[in-house]
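Single-structure report; data block below.
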2 protein chains.
Amino acid sequence: MDLDQRIKDKMMKNNIRPSMPRTRIYKYLLEHRNHPTVDTIYKALQSELFSLSKTTVYNTLALFTDKGLVRAIGIEDKELRYDADLHTHGHFKCVKCHAIFDFELDLDTINLQGLSQFIAEDYHLNVKGVCRNCQEV
Amino acid sequence: MDLDQRIKDKMMKNNIRPSMPRTRIYKYLLEHRNHPTVDTIYKALQSELFSLSKTTVYNTLALFTDKGLVRAIGIEDKELRYDADLHTHGHFKCVKCHAIFDFELDLDTINLQGLSQFIAEDYHLNVKGVCRNCQEV
DNA sequence: TTCGTTTTTTGTAACGATTACAAATGTAGA
DNA sequence: TCTACATTTGTAATCGTTACAAAAAACGAA
Ligand SMILES: [Mn+2]
Ligand SMILES: [Mn+2]
Ligand SMILES: [Zn+2]
Ligand SMILES: [Zn+2]
């Protein structure tokens, strides 16, 4: 089964009608793991979806987030970024070059008894600092 | 030494001139550990600082954050919240009542070798879910 | 104190990501 | 085809935040 078909199946399994804008947006997120913004996605897809509206990108990402297909990453001050990689991992933002990196994270090693009175549904470990490239100077 | 004097000393130690708006804003944050927003701080201090401008609150919080007196908490979608509690702890946001709670967190227990190639300066563990109050229903 | 310089505060305008909304378009089933 | 519903679109509005320059306050030398 090819990628496009798998994307459609995945969407239908989550009660999302696989319209053209939706499948393209999801495919873009699967193929671009650099946590793109709404505007990045919008600009990238304009050439293939001429009538695409930015509102559709917003609507679609809200739908995907709600259905659990993607995660919204709130590590920037201003705009949200989106991630189709659902495996447990943290995000590191370089304060110099502003790039956002994934890093591996084992939630099981964390002592989270401070959370015992809560029902935790969603974990976001955001770290800021200096990436390897920006350390050389 | 009384609280006001300790606040002034703390600010001067960090190269912040202890003006009236600054000392009041810092005092407010020390006495209100519920992660207030800019608007909350602004409205609360209006009665004692008649000419206070919201821009001053923004400027002051940016200065405090830069100097390391407070931390900006980006757990909300829209607005930042501010925290004068600098001890290592995580933040939990209840998706039902929208309250933000602190929880204890031992960074040493976390396996962070995924971060080994980065110089990490700032950790934010933000968790979303349902708080104890909102679980009863 | 007085004068000139620097810092701080203030009000207003601008910015920009996001959302609200209703019209237009597309889709599926009878 | 017809009709009800879902999706997409463009525009306007929202709202937290920032830019900017003027006003006010604090400072330091003479
Ligand atoms: Mn990621
Ligand atoms: Mn806190
Ligand atoms: Zn970097
Ligand atoms: Zn709650």
Side-chain angles (χ1 to χ4, degrees), chain A residues 7-8 11-12 14-28 35-67 69-83 93 98 100, chain B residues 7-8 11-12 14-28 35-67 69-83 93 98 100:
Chain A
I7 287 176
K8 283 182 184 173
M11 296 177 70
M12 291 175 73
N14 289 82
N15 293 313
I16 299 170
R17 265 221 285 251
S19 69
M20 185 63 73
R22 286 171 175 174
T23 52
R24 291 303 176 92
I25 291 171
Y26 187 48
K27 191 179 185 183
Y28 182 89
H35 317 98
T37 64
V38 165
D39 198 61
T40 302
I41 299 169
Y42 172 65
K43 285 196 168 67
L45 296 181
Q46 263 181 329
S47 56
E48 40 178 328
L49 298 171
F50 294 103
S51 71
L52 181 66
S53 161
K54 192 175 277 192
T55 302
T56 299
V57 182
Y58 276 104
N59 288 341
T60 302
L61 290 172
L63 179 69
F64 287 175
T65 304
D66 186 58
K67 299 288 188 181
L69 250 66
V70 306
R71 279 159 56 94
I73 310 297
I75 197 174
E76 297 273 11
D77 286 342
K78 300 187 169 286
E79 53 194 338
L80 287 173
R81 289 168 168 274
Y82 290 88
D83 197 343
K93 178 186 176 181
H98 306 119
I100 292 176
Chain B
I7 288 176
K8 283 183 183 170
M11 295 176 70
M12 292 175 74
N14 289 83
N15 293 312
I16 298 169
R17 268 222 283 254
S19 69
M20 185 63 74
R22 286 170 175 174
T23 51
R24 291 303 176 92
I25 291 171
Y26 187 47
K27 191 178 185 184
Y28 183 89
H35 317 98
T37 64
V38 165
D39 198 61
T40 302
I41 299 169
Y42 172 65
K43 286 199 167 67
L45 296 182
Q46 263 181 329
S47 55
E48 37 177 332
L49 298 171
F50 293 104
S51 71
L52 181 66
S53 159
K54 193 176 274 191
T55 302
T56 298
V57 181
Y58 276 105
N59 289 341
T60 302
L61 291 172
L63 179 69
F64 287 175
T65 304
D66 187 56
K67 300 289 188 180
L69 249 65
V70 305
R71 279 159 56 93
I73 309 298
I75 196 172
E76 296 274 9
D77 286 342
K78 302 190 168 281
E79 52 195 337
L80 288 173
R81 290 169 167 273
Y82 290 87
D83 197 344
K93 178 186 175 180
H98 306 119
I100 293 177

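Each chain gets a letter, A, B and so on, in the order its sequence line appears, and its residues count up from 1.
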Determine the minimum heavy-atom distance between [X] and [Y], stating which atoms define it.
X       : Y       : result
A/Gly74 : A/Leu80 : CA-CD2, 3.8 Å
A/Arg22 : A/Met11 : CB-CE, 3.3 Å
A/Lys43 : A/Asp39 : NZ-OD2, 2.5 Å
A/Pro21 : A/Thr56 : CB-CG2, 4.0 Å
A/Leu61 : A/Val70 : O-CG2, 4.3 Å

Hey, is the side chain of [X] poking within less than 4.0 Å of OP1 or OP2 on [N], counting only N and O atoms?
X       : N      : answer
B/Tyr58 : D/dT17 : yes
A/Ser19 : D/dT8  : yes
A/Ser51 : D/dT9  : yes

What is the distance from [atom1] of [X] to [atom2] of [N], rounded to the nearest Å?
X       : N      : atom1 : atom2 : result
B/Glu76 : C/dT18 : CD    : P     : 15 Å
B/Leu61 : D/dT18 : CG    : C1'   : 14 Å
A/Tyr42 : D/dT8  : OH    : P     : 15 Å
A/Arg24 : D/dT8  : CZ    : P     : 13 Å
A/Asp66 : C/dT19 : CG    : P     : 13 Å
A/Lys54 : C/dA17 : NZ    : P     : 7 Å
B/Leu49 : D/dA24 : CG    : C1'   : 15 Å
B/Lys67 : C/dT7  : NZ    : P     : 12 Å

Extract from the structure each pairing of a protein N or O with an N or O of nucleotides 26-28 of chain D at less than 3.5 Å, listing the distance.
none

Do A/Tyr58 and A/Thr60 make a side-chain contact, defined as non-hydrogen atoms from C-beta onward lying under 4.5 Å apart? no
Earlier contact from the 5' end, DNA chain D, for B/Leu80 and A/Leu52: A/Leu52
Taking only residues two or more places apart in sequence or in another chain, which ones pass ring pair (Phe, Tyr, Trp, His ring centres under 6.0 Å) with A/Tyr42? none
Quick one: does A/Thr23's side chain have a donor or acceptor within less than 3.5 Å of a partner on A/Ser19's backbone? yes
Which one, D/dG16, D/dT7, D/dT9, comes nearest to the side chain of B/Glu79? D/dG16
C/dT19, D/dT7, C/dT9: which one has an atom nearest the side-chain heavy atoms of B/Thr56? C/dT9
Report, as yes or no, whether the 6.0 Å neighbourhood of atom NZ on A/Lys8 holds more than 12 heavy atoms from other residues, nucleotides or ligands. no
To the nearest 0.5 Å, what is the distance between CG (B/Asn14) and CG (B/Leu63)? 9.5 Å
Taking any heavy-atom pair under 4.0 Å as a contact, classify B/Thr37: base, sugar-phosphate, or nothing. nothing
Please enumerate all protein N or O atoms sitting under 3.5 Å from an N or O of nucleotides 20-23 of chain C, with distances to 0.1 Å.
none

Mapping B/Arg22 and A/Val38 onto DNA chain C by nearest heavy atom, which one lands closer to the 5' end? B/Arg22
